[in-house]
Amino acid sequence: MQLTDSMIHWSPASRSPVVSSWVGQLIYGLHSTSFGDCLIAKTAIGICQLEFFDSLIATDAEQKLQATWPNAEIRYQPAATAAIAQQILHHEIADPELFRLHVHGTPFQQQVWRSLLQIPRGVTTTYQALAIAIGHPNAARAVGNAVGKNPIAYLIPCHRVVRQSGELGGYRWGQDRKQQLLNWETQIR
DNA sequence: ACCGATCCACAAA
DNA sequence: TTTGTGGATCGGT
């Protein structure tokens, strides 16, 4: 299944592009998936963060969450995020209800991330094509910037954007993982 | 004022 | 044909 815009709650752009003023409970879990270990965090509204991590960084998870969501009450409740991890592990999004998102970003970032959702599985696009698509034909680099700040890996498929030249391009969680994700997605199933 | 998960033109090999 | 480099670009910090 494909995530649609209606499943996403776009947090109103706050003064700061990185810090959300959202107040409430935020629960998170650390899980193992076939693409590596990941942190999944959600508010009452939806998933607000999904990041892969390497063991060294894992200890910082809570600190990083608190930095982005300073007014949230953060709790470690892996049971609450396990089902999401499980469906990623099995490469299937079976239950759309689990996958509502709660996304925070500047208007430009939201615009970029929104267009990421329209890239079908198994397909790639380029930073430039994306820039053109959102009406900023010369902003390929700025788009790369925004893509790189995507807070919800995998579900907002930033790994499907590659360089115009055909090179893979960067990935916040490692080029290898980007390649793995793409390889898997292009396989028929 | 500076930094990118970029892109293009153009030169040199 | 391939590889390297320098400048343009623009939103975010």
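None of the values given here were measured: they were computed from a predicted structure. Residue numbering restarts at 1 for every chain, and letters A, B, ... go by the order of the sequence lines.
- A heavy-atom distance below 4.0 Å to DNA chain B is reached by these residues of residues 125-139 of chain A, ordered by number: A/Tyr127, A/Gln128.
- In this structure, A/Arg177 contributes its side chain and A/Phe35 its backbone to a donor-acceptor pair below 3.5 Å.
- Taking A/Tyr28 as the reference, A/Glu62 meet the side chain to side chain donor-acceptor pair (under 3.5 Å) condition, with sequence neighbours excluded.
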Quick one: the dot-bracket string of DNA chain C, using Watson-Crick and G-U wobble pairs with both distances under 3.5 Å, [ ] for crossing pairs and | for bases paired to another strand.
||||||||.||||
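- A/Glu73 meets the side chain to side chain donor-acceptor pair (under 3.5 Å) test with A/Arg75; sequence neighbours excluded.
- Counting only distance, with no hydrogens or angles, the side chain of A/Lys178 and the backbone of A/Leu168 share a donor-acceptor pair below 3.5 Å.
- A donor-acceptor pair is defined here as one N or O able to donate and one able to accept, closer than 3.5 Å; such a pair exists between the side chain of A/Trp113 and the backbone of A/Ala146.
- Between the C1' atom of C/dG12 and the NE2 atom of A/His104 lies a distance of 13 Å, rounded to the nearest Å.
- One side chain, A/Glu167 or A/Ser165, offers a donor N or O that lies under 3.5 Å from an acceptor on the other.
- Between A/His102 and A/Trp69, the ring centre distance stays below 6.0 Å.
- Residue A/Lys149 contributes atom NZ, which lies 8 Å from atom C1' of C/dT13 at whole-angstrom precision.
- Contacts between chain A and DNA chain B, taken as any atom within less than 4.0 angstrom of a protein heavy atom, begin and end at B/dG4 to B/dC8.
- With rounding to the nearest 0.5 Å, the separation of OH in A/Tyr154 from CD1 in A/Ile40 is 10.5 Å.
- Among the protein residues, A/Arg172 comes within range of the nucleic acid bases, having at least one heavy atom under 4.0 Å from a base atom.
- Considering only residues two or more places apart in sequence or on other chains, A/His136 meets the ring pair (Phe, Tyr, Trp, His ring centres under 6.0 Å) condition with A/Phe108.
- A/Gln110 places a side-chain N or O within 3.5 Å of a backbone atom of A/Gly105 that can act as its donor or acceptor partner.
- Residue order along DNA chain C, read from the 5' end via each residue's closest nucleotide, puts A/Arg141 first among A/Phe108 and A/Arg141.
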